Q: 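My questions will all concern the structure given below.
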Amino acid sequence: MHDIRFIRENPAAFDAGLARRGLAPLSAEILALDKSHRELIVEIEHLQAERKRLSAFVGQLRGLGQHEEAMSFQQDAIEVSKKLKDLEPELDKSKGALTAMLAAIPNLPVDDVPQGADEADNVEVSRWGSPRDFDFAPQDHADFGPALGLDFEGGAKLSGARFTALRGQMARLHRALAQYMLDTQTGANGYEEVNPPLLVRDEALFGTGQLPKFAEDLFRTTDGRWLIPTAEVSLTNLVADQILALDSLPIRMTALTPCFRSEAGSAGRDTRGFIRQHQFEKVELVAIAKPEESEAEHERMCAAAEGILQALGLPYRKMLLCTGDMGFGARKTWDLEVWLPSQATYREISSVSNCGDFQARRMNARYKPEGEKQTRFLHTLNGSGLAVGRTLVAVLENYQQADGSVTVPDVLAPYMGGITKLAPR
RNA sequence: GGAGAGGUGGCAGAGUGGUCGAAUGCACCGCACUCGAAAUGCGGCGUGCCCGAGAGGGUACCGUGGGUUCGAAUCCCACCCUCUCCGCCA
């Protein structure tokens with residue numbers, strides 16, 4: 001959600017930001033709405049003041065037993081009330097139009113975000129590790145995975161395309177990855193473990209920006225709730241409608257949860273394999289920070305995600321997303337892309353975003369700066385640390401052997417119950 | 001799911017149609033007293049929006065949304081949430 005006052009004072013900068021996002025200028029339309037809306041407010045508040053005054057007279061005169069005089073004031077008050085009844089629906093209408101307009105506009109990129117149309121224009125920031133030299137042709141996990149317990153058929157039978165059952169050693173490896181990540185984020189990286197609800201109300205999804213625009217990407221329950229597409233929704237909204245104490249900041253939270261995405265717009269992409277599923281698990285990182293701390297917090301969070309990839313020995317690169325590839329709520333995003341030998345390319349495994357005060361404004365999450373009377377909106381950040389399903393794919397492909405087996409990365413040993421290798425059966 | 005009770009400022013808690021943004025206490029901030037502190041006294045102490053260069057003024061907000069009324073924290077309706085008991089249940 002954008003600050004109407006910022007738009008009032010910097011309409012050109014606002015439109016320039018929109019242009020960076022590939023959007024047409026909107027400030028003129030917004031400011032026209034805003035102007036007429038404020039004029040309505042002035043008119044209505046005038047009438048309210050008048051009604052208040054008259055009604056107080058009525059009460060006083062009644063108390064004094066002067067009923068005739070009271071009647072005359074009451075008549076005047078009735079007139080004022082009538083006018084108000086006519087105007088109030090208009091106020092609701094203009095307020096609604098303004099809010100709807102502002103709620104549908106994405107966050108604006110910060111200055112150092114590169115200009116671009118799509119993912120082809122993302123900028124590589126750094127690279128870690130080097131792809132392994134295979135002395136055989138590396139296979140696609142979708143091909144050798146089933147023999148190791150990646151049960152695509154079973155998943156499809158139960159639930160349809162893009163659902164997969166993990167069995168035996170494969171389920172164990174998946175669980176080991178998730179536990180390792182969660183332990184690392186809660187331990188070394190100091191994020192508070194949270195086990196949040198997976199079903200949320202409209203307001204939560206509005207707060208993080210999935211609603212009102214992206215309802216078609218979500219699953220909805222019969223009682224009107226929604227399955228979370230990411231724990232970012234649950235975790236970030238924990239601070240909604242709060243004025244946080246200074247000494248509680250920054251707040252760092254993490255959660256291991258399933259995520260549910262209907263992916264309505266992506267039919268045909270990654271239809272094979274475990275890359276794009278309607279249901280997957282993810283260890284999410286969320287931070288709530290003071291504005292002046294959010295950039296450092298962003299770096300810190302990205303390092304927390306990178307640490308997992310490094311510990312697992314998975315080659316990856318860090319990309320700075322261009323304006324055209326950033327999500328709705330982000331002002332700056334890094335993607336971590338892991339090397340997939342079968343595709344001989346890097347694929348997204350984590351996305352780490354600073355949303356500035358965009359989400360905080362939508363969910364009304366504030367703090368009171370030291371020595372100031374005015375409250376201010378917090379900054380919110382989120383990142384994957386990491387997506388468990390895609391990490392499983394990366395481990396399978398990068399650690400595959402010529403015989404179709406997969407060696408387990410050392411760091412997972414404490415979680416694998418003695419299993420050091422997944423062997424085909 | 002059934003029956004009942006309740007949601008008021010940071011907290012506790014009063015207020016059942018008019019001068020109530022709301023008593024009182026606690027907490028907090030400032031000042032006075034003190035060498036300093038405690039105690040005491042005095043003053044201050046919610047959030048949003050609008051107007052205003054500012055000083056300041058206006059308006060709304062007592063869970064949320066509607067309604068009745070000249071006027072609603074107070075009356076009516078719906079919803080949300082909390083608590084107690086019963087049922088069911090991992």
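Predicted model only: the values in this text are computed from it and were never measured. Order of the sequence lines fixes the chain letters, A, B, ..., with proteins taken first and strands second; residue numbering starts at 1 for each chain.
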Q: With P as the reference atom in both, quote the distance from B/G67 to B/C62 in angstrom, rounded to an integer.
A: 15 Å

Q: Considering only atom P, compute the distance from B/A3 to B/U16 and round it to an integer number of Å.
A: 29 Å

Q: What interatomic distance, in whole Å, is found between C1' of B/U24 and the corresponding atom of B/C35?
A: 36 Å

Q: Which atoms of nucleotides 76-80 of chain B (N or O only) lie under 3.5 Å from a protein N or O atom, and what are those distances?
A:
from: B/C80; atom 1: O3'; to: A/R201; atom 2: NH2; distance (Å): 3.4

Q: For the pair made of CD in A/Q60 and C1' in B/G17, what is the distance, rounded to whole Å?
A: 16 Å

Q: Taking any heavy-atom pair under 4.0 Å as a contact, classify A/R225: base, sugar-phosphate, or nothing.
A: nothing

Q: For atom P, what is the distance between B/G58 and B/G21, given to the nearest Å?
A: 12 Å

Q: Could you tell me how far apart A/F57 (CZ) and B/G71 (P) are, to the nearest whole angstrom?
A: 17 Å

Q: Begin from the C-alpha positions of A/I7 and A/H2 and carry the test side chain to side chain contact (heavy atoms under 4.5 Å, CB included) through to its verdict.
A: CA-CA 8 Å; A/I7 302 174; A/H2 287 281; 4.1 Å; yes

Q: Which is more 5' along RNA chain B, the nucleotide nearest A/S55 or the one nearest A/I4? Just name the residue.
A: A/S55

Q: Establish, with yes or no, whether the OP1 or OP2 oxygen of B/G46 is under 4.0 angstrom from a side-chain nitrogen or oxygen of A/R366.
A: no

Q: Please round to the nearest 0.5 Å and tell me the distance separating atom CD1 of A/I275 and atom NE2 of A/H141.
A: 5.0 Å

Q: Taking 4.0 angstrom as the limit, do A/D86 and A/K82 come out as a salt bridge?
A: no

Q: Using a heavy-atom cut-off of under 4.0 Å over every strand shown, decide if A/V58 touches base, sugar-phosphate, or nothing.
A: base

Q: Please report the distance, rounded to the nearest Å, between CG in A/L40 and P in B/C49.
A: 18 Å

Q: Minimum heavy-atom separation for A/V352 to A/H298, with atom names?
A: O-NE2, 2.9 Å

Q: In sequence, state the C-alpha distance, the side-chain angles, and the governing distance for A/L336 and A/C302, and then conclude on side chain to side chain contact (heavy atoms under 4.5 Å, CB included).
A: CA-CA 9 Å; A/L336 300 179; A/C302 197; 4.1 Å; yes

Q: Kindly assign one of parallel, tilted or perpendicular to the pair A/Y180 and A/Y415, based on the angle between their ring planes and the thresholds 30° and 60°.
A: perpendicular

Q: Give the nucleotide from the list B/G71, B/C50, B/C49 with an atom nearest to the side chain of A/R8.
A: B/C50

Q: Taking all atoms of both residues into account, what is the closest heavy-atom pair of A/S294 and A/N354, and its distance?
A: OG-ND2, 3.0 Å

Q: What one-letter contact string describes nucleotides 53-61 of chain B from 5' to 3', where B marks a base within less than 4.0 Å of any protein heavy atom, S marks contact via sugar-phosphate atoms alone, and - marks no contact?
A: -----BSS-

Q: Using atom CG of A/L98 as one end and atom C1' of B/G48 as the other, report the distance to the nearest whole Å.
A: 15 Å

Q: Does a side-chain N-to-carboxylate-O contact under 4.0 Å join A/E297 and A/R252?
A: yes

Q: When you check the phosphate oxygens OP1 and OP2 of B/G18, does a side-chain N or O of A/R62 lie under 4.0 Å from one of them?
A: no

Q: Can you check the A/Q74 CD to B/G18 C1' distance for me, whole Å?
A: 12 Å

Q: So what does the secondary structure string of RNA chain B come out as, 5' to 3', with Watson-Crick or wobble pairs under 3.5 angstrom, [ ] for crossing and | for pairs with another strand?
A: ((((((((.[[[..)..(.....]]].(((((.......))))).((((((....)))))).[[[[[..)....]]]]])))))))....

Q: Taking the minimum atom-to-atom distance to the side chain of A/V42, which one of B/U19, B/C70, B/C50 wins?
A: B/C50

Q: What are the two closest heavy atoms between A/G17 and A/P109, and how far apart are they?
A: O-CD, 4.1 Å

Q: Could you measure between the two C1' atoms, the one in B/C83 and the one in B/U34, and give it in whole Å?
A: 49 Å

Q: Provide the closest heavy-atom pair for A/A255 versus A/A231 in the form atom of the first, atom of the second, distance.
A: CB-CB, 4.3 Å

Q: Over how many whole Å does the gap from A/E43 atom CD to B/C49 atom C1' extend?
A: 17 Å

Q: Taking atom P in both B/U40 and B/C51, what distance in whole Å separates the two?
A: 46 Å

Q: With A/R362 as the cation and A/F206 as the aromatic partner, state whether NZ or CZ is under 6.0 Å from the six-membered ring centre and within 45° of the axis.
A: yes

Q: Determine the interatomic distance between C1' on B/A12 and the same-named atom on B/A22; round to the nearest Å.
A: 16 Å

Q: Between A/R8 and A/K35, is the side chain to side chain contact (heavy atoms under 4.5 Å, CB included) condition met? List the steps.
A: CA-CA 10 Å; A/R8 263 179 224 151; A/K35 182 158 180 279; over 6 Å; no

Q: Between B/C26 and B/A32, how far apart are the two C1' atoms, rounded to whole Å?
A: 22 Å

Q: Grab the CZ-P distance between A/R376 and B/U47 for me, whole Å please.
A: 15 Å

Q: Round to the nearest Å and state the distance from A/K82 atom NZ to B/U69 atom C1'.
A: 14 Å

Q: Check every strand shown and say whether A/L54 touches a base, only sugar-phosphate, or nothing at a heavy-atom separation below 4.0 Å.
A: nothing

Q: Write down the atom of A/V113, the atom of A/R331, and the distance for their closest heavy-atom approach.
A: CG2-O, 3.4 Å

